[in-house]
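Here's the structure we're looking at; comments come further down.
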Amino acid sequence: MTNLEHKKIFKAAGIEMWPAEKIQAFRKALLGWYDKEKRDLPWRRTSDPYSIWVSEIMLQQTRVDTVIPYYHNFLDKFPDIAALASAPEDAILKAWEGLGYYSRVKNMQKAAQQIVAEYDGVFPEDPQEIAKLKGIGPYTAGAVSSIAFQIPEPAVDGNVMRVMSRLFEIDADIAKPASRKIFEAVVRELIDPERPGDFNQALMDLGSSICSPLNPQPEISPIKDFNAAYKNGTMHLYPVKSKAKRPVPMNLQGIILQNKEKQFLLEKRPNSGLLADFWTFPLIQLELDAIPGSEDATLEPATIQTELLVAEDFPKLTEAAKKADKKLPSFNQIEAQLSAAVAEKYGLKPVWLKAETGSVNHVFSHIKWHITGYYGRVLTNADSELPAQCRWVNEEDFADYAFPVPQQKMWQQFQQQTRKEFGL
DNA sequence: GATCCGTGGAT
DNA sequence: TATCCAAGGAT
(Lines give C-alpha, C1' and ligand atoms only; values in the text may rest on other atoms or scores of the structure.)
Protein backbone atom coordinates (compact mmCIF):
# COMPACT_ATOMS: atom_id res chain seq x y z
CA MET A 1 0.00 0.00 0.00
CA THR A 2 1.40 3.30 -1.01
CA ASN A 3 1.97 6.29 1.15
CA LEU A 4 -0.72 8.14 -0.77
CA GLU A 5 -3.28 5.50 0.09
CA HIS A 6 -2.26 5.76 3.72
CA LYS A 7 -2.88 9.47 3.64
CA LYS A 8 -6.36 8.95 2.25
CA ILE A 9 -7.14 6.43 4.99
CA PHE A 10 -5.78 8.72 7.69
CA LYS A 11 -7.76 11.66 6.43
CA ALA A 12 -10.97 9.66 6.27
CA ALA A 13 -10.41 8.35 9.80
CA GLY A 14 -9.37 11.72 11.22
CA ILE A 15 -5.86 10.52 12.03
CA GLU A 16 -2.93 12.89 12.10
CA MET A 17 0.17 10.82 11.46
CA TRP A 18 3.28 11.78 13.38
CA PRO A 19 6.37 13.37 11.82
CA ALA A 20 9.38 11.14 11.20
CA GLU A 21 11.23 12.25 14.35
CA LYS A 22 8.33 11.35 16.57
CA ILE A 23 7.99 7.96 14.91
CA GLN A 24 11.67 7.30 15.58
CA ALA A 25 11.26 8.28 19.21
CA PHE A 26 8.21 6.02 19.53
CA ARG A 27 10.10 2.99 18.21
CA LYS A 28 12.92 3.66 20.64
CA ALA A 29 10.59 4.00 23.63
CA LEU A 30 8.55 0.93 22.77
CA LEU A 31 11.46 -1.37 21.97
CA GLY A 32 13.44 -0.12 24.95
CA TRP A 33 10.57 -1.14 27.19
CA TYR A 34 10.20 -4.48 25.40
CA ASP A 35 13.88 -5.29 25.84
CA LYS A 36 13.50 -4.86 29.57
CA GLU A 37 10.03 -6.20 30.19
CA LYS A 38 9.23 -8.78 27.51
CA ARG A 39 7.80 -12.05 28.72
CA ASP A 40 9.85 -15.20 28.43
CA LEU A 41 7.58 -17.31 26.24
CA PRO A 42 8.46 -20.67 24.69
CA TRP A 43 7.97 -19.44 21.12
CA ARG A 44 10.32 -16.56 21.79
CA ARG A 45 13.15 -19.02 22.30
CA THR A 46 13.08 -20.28 18.74
CA SER A 47 13.54 -18.95 15.23
CA ASP A 48 11.88 -21.97 13.65
CA PRO A 49 9.08 -20.69 11.39
CA TYR A 50 7.01 -23.83 11.97
CA SER A 51 7.11 -23.43 15.75
CA ILE A 52 6.27 -19.73 15.49
CA TRP A 53 3.42 -20.56 13.14
CA VAL A 54 2.03 -23.14 15.58
CA SER A 55 2.16 -20.61 18.39
CA GLU A 56 0.37 -17.95 16.37
CA ILE A 57 -2.46 -20.28 15.36
CA MET A 58 -2.91 -21.43 18.95
CA LEU A 59 -2.86 -17.86 20.24
CA GLN A 60 -5.79 -16.81 18.05
CA GLN A 61 -8.52 -15.78 20.48
CA THR A 62 -6.76 -17.79 23.17
CA ARG A 63 -4.80 -16.77 26.26
CA VAL A 64 -1.07 -17.26 26.58
CA ASP A 65 -1.35 -19.34 29.76
CA THR A 66 -3.81 -21.68 28.08
CA VAL A 67 -1.62 -22.12 25.02
CA ILE A 68 1.71 -22.96 26.64
CA PRO A 69 1.09 -26.64 27.55
CA TYR A 70 -0.65 -27.28 24.22
CA TYR A 71 2.27 -25.71 22.39
CA HIS A 72 4.80 -28.05 23.98
CA ASN A 73 2.64 -31.12 23.49
CA PHE A 74 1.86 -30.29 19.88
CA LEU A 75 5.50 -29.80 18.89
CA ASP A 76 6.36 -32.98 20.74
CA LYS A 77 3.78 -34.95 18.75
CA PHE A 78 4.27 -33.12 15.43
CA PRO A 79 7.81 -31.74 15.47
CA ASP A 80 7.89 -30.43 11.91
CA ILE A 81 5.81 -29.60 8.86
CA ALA A 82 6.16 -33.08 7.37
CA ALA A 83 4.98 -34.73 10.58
CA LEU A 84 1.93 -32.50 10.76
CA ALA A 85 1.12 -32.98 7.08
CA SER A 86 1.10 -36.76 7.39
CA ALA A 87 -0.55 -37.09 10.81
CA PRO A 88 -3.92 -38.85 11.18
CA GLU A 89 -6.74 -36.40 11.66
CA ASP A 90 -7.89 -37.94 14.93
CA ALA A 91 -4.40 -37.38 16.30
CA ILE A 92 -4.31 -33.68 15.52
CA LEU A 93 -7.81 -33.21 16.90
CA LYS A 94 -6.81 -35.00 20.09
CA ALA A 95 -3.81 -32.69 20.41
CA TRP A 96 -6.16 -29.70 20.10
CA GLU A 97 -8.83 -31.11 22.46
CA GLY A 98 -9.96 -28.44 24.90
CA LEU A 99 -8.33 -25.57 23.05
CA GLY A 100 -11.42 -24.64 21.05
CA TYR A 101 -11.95 -23.29 17.55
CA TYR A 102 -11.08 -26.70 16.20
CA SER A 103 -11.06 -25.76 12.53
CA ARG A 104 -7.74 -24.08 13.31
CA VAL A 105 -5.86 -27.35 13.53
CA LYS A 106 -7.56 -28.88 10.52
CA ASN A 107 -6.70 -25.80 8.48
CA MET A 108 -3.16 -25.91 9.79
CA GLN A 109 -2.75 -29.47 8.57
CA LYS A 110 -4.10 -28.49 5.16
CA ALA A 111 -1.56 -25.67 5.08
CA ALA A 112 1.21 -28.10 6.04
CA GLN A 113 0.16 -30.31 3.15
CA GLN A 114 0.15 -27.21 0.93
CA ILE A 115 3.72 -26.44 2.00
CA VAL A 116 4.84 -30.01 1.30
CA ALA A 117 3.20 -29.98 -2.13
CA GLU A 118 3.99 -26.48 -3.31
CA TYR A 119 7.04 -25.31 -1.36
CA ASP A 120 9.01 -28.54 -1.08
CA GLY A 121 8.20 -28.73 2.61
CA VAL A 122 9.91 -25.44 3.41
CA PHE A 123 7.87 -22.67 5.01
CA PRO A 124 7.61 -19.82 2.45
CA GLU A 125 9.19 -16.48 3.34
CA ASP A 126 7.18 -14.21 1.05
CA PRO A 127 4.31 -12.59 2.97
CA GLN A 128 2.03 -12.93 -0.04
CA GLU A 129 2.78 -16.66 -0.23
CA ILE A 130 2.33 -17.04 3.52
CA ALA A 131 -1.05 -15.35 3.27
CA LYS A 132 -2.21 -17.96 0.76
CA LEU A 133 -1.91 -20.75 3.32
CA LYS A 134 -5.11 -22.17 4.77
CA GLY A 135 -5.98 -20.72 8.15
CA ILE A 136 -3.54 -17.83 7.80
CA GLY A 137 -5.27 -14.48 7.59
CA PRO A 138 -3.92 -10.95 7.64
CA TYR A 139 -2.89 -11.03 11.30
CA THR A 140 -1.09 -14.37 11.26
CA ALA A 141 0.60 -13.63 7.92
CA GLY A 142 2.00 -10.42 9.38
CA ALA A 143 2.99 -12.07 12.64
CA VAL A 144 4.89 -14.95 11.03
CA SER A 145 6.46 -12.72 8.38
CA SER A 146 7.76 -10.26 10.93
CA ILE A 147 8.68 -12.63 13.77
CA ALA A 148 10.15 -15.51 11.79
CA PHE A 149 11.54 -13.62 8.78
CA GLN A 150 12.06 -10.02 9.97
CA ILE A 151 9.82 -8.63 7.27
CA PRO A 152 8.18 -5.28 8.19
CA GLU A 153 4.56 -6.38 7.95
CA PRO A 154 1.91 -5.22 10.42
CA ALA A 155 0.32 -7.84 12.69
CA VAL A 156 -2.89 -6.18 13.75
CA ASP A 157 -4.80 -8.01 16.45
CA GLY A 158 -7.16 -6.80 19.14
CA ASN A 159 -4.28 -5.58 21.28
CA VAL A 160 -2.79 -3.49 18.52
CA MET A 161 -6.13 -1.96 17.61
CA ARG A 162 -6.75 -1.05 21.25
CA VAL A 163 -3.30 0.50 21.67
CA MET A 164 -3.49 2.47 18.44
CA SER A 165 -7.05 3.63 19.01
CA ARG A 166 -5.86 5.23 22.25
CA LEU A 167 -2.63 6.66 20.85
CA PHE A 168 -4.43 8.38 17.95
CA GLU A 169 -7.98 8.62 19.33
CA ILE A 170 -9.29 6.53 16.47
CA ASP A 171 -13.07 6.23 16.49
CA ALA A 172 -13.36 3.24 14.14
CA ASP A 173 -15.26 0.33 15.68
CA ILE A 174 -12.63 -2.35 16.30
CA ALA A 175 -15.32 -5.04 16.27
CA LYS A 176 -15.89 -4.39 12.56
CA PRO A 177 -13.58 -6.26 10.17
CA ALA A 178 -13.39 -3.21 7.90
CA SER A 179 -11.63 -1.22 10.62
CA ARG A 180 -8.55 -3.38 10.53
CA LYS A 181 -7.17 -1.75 7.38
CA ILE A 182 -7.05 1.61 9.16
CA PHE A 183 -4.89 0.16 11.92
CA GLU A 184 -2.73 -1.69 9.42
CA ALA A 185 -1.99 1.58 7.67
CA VAL A 186 -1.02 3.18 10.99
CA VAL A 187 1.28 0.31 11.93
CA ARG A 188 2.91 0.33 8.50
CA GLU A 189 3.95 3.90 9.19
CA LEU A 190 5.19 3.15 12.70
CA ILE A 191 6.78 -0.29 12.41
CA ASP A 192 10.52 -0.47 12.98
CA PRO A 193 12.11 -1.83 9.77
CA GLU A 194 15.11 -3.05 11.77
CA ARG A 195 13.10 -5.04 14.32
CA PRO A 196 9.62 -5.63 12.90
CA GLY A 197 8.96 -8.84 14.83
CA ASP A 198 9.94 -7.31 18.14
CA PHE A 199 7.94 -4.19 17.32
CA ASN A 200 4.76 -6.18 16.70
CA GLN A 201 5.26 -8.33 19.77
CA ALA A 202 6.02 -5.28 21.90
CA LEU A 203 2.69 -3.73 20.92
CA MET A 204 0.90 -6.94 21.88
CA ASP A 205 2.76 -7.28 25.19
CA LEU A 206 1.92 -3.70 26.02
CA GLY A 207 -1.70 -4.23 25.04
CA SER A 208 -2.01 -7.27 27.26
CA SER A 209 -0.52 -5.55 30.28
CA ILE A 210 -0.28 -1.77 30.69
CA CYS A 211 -2.69 -0.99 27.87
CA SER A 212 -5.23 -3.63 28.83
CA PRO A 213 -8.96 -3.33 28.04
CA LEU A 214 -9.97 -2.87 31.67
CA ASN A 215 -8.01 -0.72 34.09
CA PRO A 216 -5.24 0.45 31.79
CA GLN A 217 -2.32 2.24 33.44
CA PRO A 218 -1.30 4.91 30.93
CA GLU A 219 0.55 6.84 33.65
CA ILE A 220 3.22 4.13 33.84
CA SER A 221 3.28 3.38 30.13
CA PRO A 222 6.59 3.65 28.31
CA ILE A 223 4.74 5.40 25.50
CA LYS A 224 2.51 7.69 27.55
CA ASP A 225 4.00 10.74 25.82
CA PHE A 226 2.55 9.43 22.56
CA ASN A 227 -0.91 8.70 23.96
CA ALA A 228 -3.35 11.33 22.69
CA ALA A 229 -6.30 9.86 24.59
CA TYR A 230 -4.35 9.98 27.87
CA LYS A 231 -3.23 13.54 27.27
CA ASN A 232 -6.76 14.63 26.36
CA GLY A 233 -8.47 12.75 29.15
CA THR A 234 -10.42 10.57 26.72
CA MET A 235 -8.98 7.18 27.65
CA HIS A 236 -12.41 5.94 28.67
CA LEU A 237 -13.70 6.46 25.13
CA TYR A 238 -11.23 4.11 23.46
CA PRO A 239 -11.32 1.70 21.86
CA VAL A 240 -14.75 1.99 20.29
CA LYS A 241 -16.12 -1.54 20.24
CA SER A 242 -19.68 -2.63 19.53
CA LYS A 243 -21.06 -5.38 21.71
CA ALA A 244 -21.36 -8.97 20.61
CA LYS A 245 -24.72 -10.65 20.44
CA ARG A 246 -25.81 -12.94 23.22
CA PRO A 247 -25.52 -16.69 22.69
CA VAL A 248 -28.86 -18.18 21.71
CA PRO A 249 -30.16 -20.81 24.18
CA MET A 250 -30.74 -24.30 22.84
CA ASN A 251 -32.13 -27.32 24.70
CA LEU A 252 -30.76 -30.75 23.87
CA GLN A 253 -31.09 -34.27 25.19
CA GLY A 254 -27.87 -36.16 25.81
CA ILE A 255 -28.36 -39.90 25.52
CA ILE A 256 -26.01 -42.16 27.44
CA LEU A 257 -26.50 -45.69 26.20
CA GLN A 258 -24.73 -48.85 27.29
CA ASN A 259 -24.97 -52.24 25.67
CA LYS A 260 -24.69 -55.66 27.25
CA GLU A 261 -20.91 -55.47 27.08
CA LYS A 262 -21.12 -52.20 29.01
CA GLN A 263 -19.80 -50.27 26.07
CA PHE A 264 -21.03 -46.73 25.50
CA LEU A 265 -22.51 -45.43 22.28
CA LEU A 266 -20.44 -42.58 20.83
CA GLU A 267 -21.19 -40.59 17.74
CA LYS A 268 -18.75 -38.64 15.59
CA ARG A 269 -20.11 -35.24 14.70
CA PRO A 270 -20.26 -34.06 11.05
CA ASN A 271 -17.00 -32.93 9.50
CA SER A 272 -18.06 -29.31 9.33
CA GLY A 273 -19.80 -26.91 11.65
CA LEU A 274 -19.80 -26.85 15.42
CA LEU A 275 -17.35 -29.26 17.06
CA ALA A 276 -16.72 -30.87 13.70
CA ASP A 277 -15.32 -34.42 13.84
CA PHE A 278 -15.43 -34.53 17.62
CA TRP A 279 -17.09 -37.41 19.51
CA THR A 280 -20.06 -37.10 21.83
CA PHE A 281 -22.76 -39.18 23.39
CA PRO A 282 -25.73 -38.96 21.03
CA LEU A 283 -27.39 -35.57 21.20
CA ILE A 284 -30.93 -35.06 20.05
CA GLN A 285 -33.31 -32.16 20.09
CA LEU A 286 -36.82 -33.14 21.10
CA GLU A 287 -39.64 -30.74 20.50
CA LEU A 288 -40.84 -31.02 24.06
CA ASP A 289 -43.29 -28.21 23.60
CA ALA A 290 -45.27 -30.60 21.51
CA ILE A 291 -45.95 -32.81 24.51
CA PRO A 292 -49.48 -32.15 25.70
CA GLY A 293 -49.31 -30.61 29.14
CA SER A 294 -45.53 -30.57 29.28
CA GLU A 295 -45.61 -26.93 30.26
CA ASP A 296 -47.95 -27.84 33.11
CA ALA A 297 -46.18 -28.24 36.43
CA THR A 298 -48.96 -30.31 37.99
CA LEU A 299 -48.45 -33.57 36.19
CA GLU A 300 -49.42 -36.92 37.55
CA PRO A 301 -46.49 -39.00 38.74
CA ALA A 302 -45.22 -41.51 36.26
CA THR A 303 -46.13 -45.10 36.68
CA ILE A 304 -43.42 -46.64 38.75
CA GLN A 305 -41.77 -49.11 36.44
CA THR A 306 -38.45 -49.02 38.15
CA GLU A 307 -38.84 -52.41 39.71
CA LEU A 308 -39.13 -53.89 36.28
CA LEU A 309 -35.81 -52.38 35.39
CA VAL A 310 -34.28 -53.43 38.66
CA ALA A 311 -35.27 -56.99 38.20
CA GLU A 312 -34.20 -57.39 34.62
CA ASP A 313 -31.52 -54.91 33.80
CA PHE A 314 -30.23 -52.82 36.65
CA PRO A 315 -29.31 -55.30 39.37
CA LYS A 316 -28.02 -52.74 41.80
CA LEU A 317 -30.69 -50.16 41.23
CA THR A 318 -32.13 -49.22 44.56
CA GLU A 319 -34.55 -46.94 46.26
CA ALA A 320 -32.84 -44.04 44.59
CA ALA A 321 -34.34 -45.00 41.29
CA LYS A 322 -37.81 -45.18 42.77
CA LYS A 323 -37.31 -41.69 44.06
CA ALA A 324 -36.26 -40.71 40.60
CA ASP A 325 -39.59 -41.84 39.28
CA LYS A 326 -41.25 -39.30 41.49
CA LYS A 327 -38.63 -36.67 40.87
CA LEU A 328 -39.43 -36.71 37.21
CA PRO A 329 -43.16 -37.10 36.87
CA SER A 330 -43.13 -36.19 33.23
CA PHE A 331 -40.63 -38.81 32.19
CA ASN A 332 -43.31 -41.10 30.87
CA GLN A 333 -44.32 -38.35 28.50
CA ILE A 334 -40.76 -37.73 27.38
CA GLU A 335 -40.03 -41.42 27.08
CA ALA A 336 -42.21 -41.91 24.04
CA GLN A 337 -40.42 -39.20 22.11
CA LEU A 338 -37.04 -40.25 23.42
CA SER A 339 -37.63 -43.84 22.33
CA ALA A 340 -38.96 -42.79 18.97
CA ALA A 341 -35.99 -40.52 18.27
CA VAL A 342 -33.45 -43.12 19.33
CA ALA A 343 -35.18 -45.82 17.33
CA GLU A 344 -35.27 -43.70 14.24
CA LYS A 345 -31.79 -42.26 14.42
CA TYR A 346 -29.85 -45.17 15.90
CA GLY A 347 -32.07 -48.20 15.34
CA LEU A 348 -31.97 -49.02 19.04
CA LYS A 349 -34.65 -49.74 21.63
CA PRO A 350 -33.12 -49.03 25.02
CA VAL A 351 -34.64 -49.63 28.41
CA TRP A 352 -34.59 -46.27 30.11
CA LEU A 353 -33.58 -45.32 33.56
CA LYS A 354 -36.57 -43.21 34.43
CA ALA A 355 -34.69 -40.16 35.56
CA GLU A 356 -32.77 -37.25 34.29
CA THR A 357 -29.17 -38.29 34.71
CA GLY A 358 -27.55 -34.93 34.50
CA SER A 359 -27.82 -31.37 33.39
CA VAL A 360 -25.02 -29.67 31.49
CA ASN A 361 -24.75 -26.04 30.56
CA HIS A 362 -22.16 -24.96 28.05
CA VAL A 363 -21.71 -21.59 26.41
CA PHE A 364 -20.18 -21.29 22.96
CA SER A 365 -19.49 -18.04 21.15
CA HIS A 366 -22.95 -17.86 19.63
CA ILE A 367 -24.99 -20.70 21.19
CA LYS A 368 -25.77 -21.76 24.73
CA TRP A 369 -26.45 -25.45 25.18
CA HIS A 370 -28.52 -26.88 27.95
CA ILE A 371 -28.25 -30.64 27.82
CA THR A 372 -30.56 -32.87 29.83
CA GLY A 373 -29.08 -36.32 30.27
CA TYR A 374 -30.88 -39.66 29.98
CA TYR A 375 -29.54 -43.14 30.49
CA GLY A 376 -30.60 -46.38 28.93
CA ARG A 377 -29.40 -49.91 28.34
CA VAL A 378 -29.59 -51.66 25.04
CA LEU A 379 -30.23 -55.31 25.71
CA THR A 380 -30.63 -56.71 22.23
CA ASN A 381 -27.68 -57.78 20.15
CA ALA A 382 -28.93 -56.15 17.02
CA ASP A 383 -26.22 -53.56 16.86
CA SER A 384 -25.19 -54.28 13.30
CA GLU A 385 -27.26 -51.46 11.93
CA LEU A 386 -25.60 -48.59 13.76
CA PRO A 387 -25.28 -45.41 11.71
CA ALA A 388 -21.89 -44.98 10.09
CA GLN A 389 -20.67 -42.33 12.51
CA CYS A 390 -21.60 -44.33 15.60
CA ARG A 391 -19.78 -46.99 17.52
CA TRP A 392 -19.82 -48.82 20.83
CA VAL A 393 -16.73 -47.93 22.82
CA ASN A 394 -15.22 -49.39 25.96
CA GLU A 395 -14.80 -46.87 28.73
CA GLU A 396 -11.09 -47.66 28.91
CA ASP A 397 -10.71 -46.54 25.32
CA PHE A 398 -12.18 -43.07 25.78
CA ALA A 399 -8.67 -41.64 25.94
CA ASP A 400 -8.31 -42.36 22.23
CA TYR A 401 -11.22 -40.11 21.30
CA ALA A 402 -11.29 -36.33 21.00
CA PHE A 403 -14.10 -35.00 23.18
CA PRO A 404 -15.39 -31.42 23.33
CA VAL A 405 -15.94 -29.91 26.77
CA PRO A 406 -19.73 -30.43 26.84
CA GLN A 407 -19.11 -34.14 26.36
CA GLN A 408 -16.50 -34.12 29.12
CA LYS A 409 -19.03 -32.45 31.40
CA MET A 410 -21.63 -35.09 30.58
CA TRP A 411 -19.17 -37.87 31.26
CA GLN A 412 -18.02 -36.33 34.53
CA GLN A 413 -21.60 -35.98 35.75
CA PHE A 414 -22.34 -39.54 34.81
CA GLN A 415 -19.33 -40.82 36.70
CA GLN A 416 -19.66 -38.67 39.77
CA GLN A 417 -23.42 -38.55 40.16
CA THR A 418 -25.53 -40.91 38.09
CA ARG A 419 -23.22 -43.87 38.47
CA LYS A 420 -22.96 -43.44 42.22
CA GLU A 421 -26.60 -42.66 42.81
CA PHE A 422 -27.96 -45.56 40.84
CA GLY A 423 -25.10 -48.00 41.13
CA LEU A 424 -24.61 -48.29 37.41
C1' DG B 1 -20.26 -7.58 5.95
C1' DA B 2 -22.54 -10.53 9.16
C1' DT B 3 -22.29 -14.94 10.99
C1' DC B 4 -20.14 -19.00 12.48
C1' DC B 5 -16.72 -21.15 15.27
C1' DG B 6 -14.65 -22.88 21.80
C1' DT B 7 -12.90 -22.27 25.98
C1' DG B 8 -11.60 -20.66 30.57
C1' DG B 9 -10.25 -16.68 33.28
C1' DA B 10 -11.31 -12.17 35.36
C1' DT B 11 -14.44 -9.10 37.49
C1' DT C 1 -24.54 -15.10 38.04
C1' DA C 2 -23.81 -12.38 33.97
C1' DT C 3 -20.72 -10.28 31.12
C1' DC C 4 -16.68 -9.46 28.74
C1' DC C 5 -12.91 -10.92 27.05
C1' DA C 6 -8.03 -13.30 24.23
C1' DA C 7 -2.11 -12.91 19.67
C1' DG C 8 -8.77 -14.30 14.10
C1' DG C 9 -10.18 -16.81 9.91
C1' DA C 10 -13.56 -18.92 6.78
C1' DT C 11 -17.73 -18.48 4.55
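Throughout, a chain's letter reflects where its sequence line sits, starting with A, and its residues are numbered from 1.
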ask   = Between Phe398(A) and Phe264(A), is the ring centre distance below 6.0 Å?
value = yes
query = Arg269(A) near the nucleic acid: base, sugar-phosphate alone, or nothing, with a heavy-atom cut-off under 4.0 Å?
reply = nothing
message = Classify Ile52(A) by what it touches in the nucleic acid, base, sugar-phosphate, or nothing, heavy-atom distance under 4.0 Å.
response = nothing
request  = Would you check if the side chain of Gln417(A) reaches a backbone N or O of Gly358(A) as a donor-acceptor pair within less than 3.5 Å?
outcome  = no
ask   = Roughly how many Å is it from CG in Asn361(A) to C1' in dG8(B), rounded to a whole number?
value = 16 Å
key: Candidate nucleotides dT3(B), dG6(B), dA6(C), ranked by approach to the side chain of Pro213(A) - the nearest   = dA6(C)
ask   = Roughly how far apart, to the nearest Å, are dC4(B) and dA6(C) at atom P?
value = 23 Å
message = Can you check the distance between dT1(C) and dG8(B), where both ends of the measurement are the C1' atom (answer in whole Å)?
response = 16 Å
ask   = Separation of Gln201(A) atom CD from dA6(C) atom C1', in whole Å?
value = 16 Å
Any Lys134(A) side-chain nitrogen or oxygen under 4.0 Å from OP1 or OP2 of dT11(C) = yes
ask   = Which nucleotide, dC5(B), dG8(C), dA6(C), lies nearest any side-chain atom of Arg162(A)?
value = dA6(C)
query = For dG6(B), does OP1 or OP2 lie under 4.0 Å from any side-chain N or O of His362(A)?
reply = no
key: Asp40(A) and Arg45(A) ion-paired at < 4.0 Å   = yes
request  = Just compare dC5(C), dT11(C), dT3(C) and give me whichever is closest to any side-chain atom of Arg246(A).
outcome  = dT3(C)
ask   = Reckon Pro247(A) touches a base, only the sugar-phosphate, or nothing at all at heavy-atom distances under 4.0 Å?
value = nothing
message = Partner lookup for dT7(B), please. Criteria are Watson-Crick or G-U wobble with both distances under 3.5 angstrom; report none if nothing qualifies.
response = dA6(C)
task = Grab the OH-P distance between Tyr102(A) and dG9(C) for me, whole Å please.
result = 19 Å
key: Base dG6(B) paired with Ser365(A) side chain (donor-acceptor, <3.5 Å)   = yes
task = Scan Asn200(A) against the nucleic acid and name what it touches under 4.0 Å (heavy atoms): base, sugar-phosphate only, or nothing.
result = nothing
message = I'd like to know if the side chain of Lys106(A) reaches the main chain of Asn271(A), judged simply by a donor and an acceptor atom lying under 3.5 Å from each other, with no hydrogens or angles considered.
response = yes
task = Rounded off to whole Å, could you give me the NZ-to-C1' distance for the Lys241(A) and dA6(C) pair?
result = 9 Å
ask   = Does Ser208(A) have a side-chain nitrogen or oxygen under 4.0 Å from the phosphate oxygens OP1 or OP2 of dA6(C)?
value = no
query = Donor-acceptor pair under 3.5 Å: do we get one between Thr62(A)'s side chain and the base of dG6(B)?
reply = yes
inquiry  = Less than 4.0 angstrom from a charged side-chain N to a carboxylate O is my criterion; do Glu184(A) and Arg180(A) meet it?
reply    = yes
task = Quick one: label Gly207(A) by what it contacts on the DNA or RNA (base, sugar-phosphate, nothing), any heavy atom closer than 4.0 Å.
result = nothing
inquiry  = Can you tell me if His366(A) touches the phosphate of dT3(B), counting only side-chain N or O atoms and a distance under 4.0 Å to OP1 or OP2?
reply    = no
query = Below 4.0 angstrom, N of the basic side chain to O of the carboxylate: do Lys241(A) and Asp173(A) qualify?
reply = no
key: Pairwise P distance, dT3(C) and dG6(B) [rounded to whole Å]   = 22 Å
inquiry  = Please name the nucleotide paired to dT11(C) by Watson-Crick or G-U wobble geometry with both distances under 3.5 Å, or report none.
reply    = dA2(B)
query = Which is true for Trp96(A) with a 4.0 Å heavy-atom rule: it touches a base, it touches only sugar-phosphate, or it touches nothing?
reply = nothing
ask   = CG of Asn215(A) versus P of dC4(C): gap in Å, rounded?
value = 16 Å
inquiry  = Checking contacts here: which listed nucleotide (dT7(B), dG9(B), dA2(B)) is nearest the side-chain heavy atoms of Arg63(A)?
reply    = dG9(B)
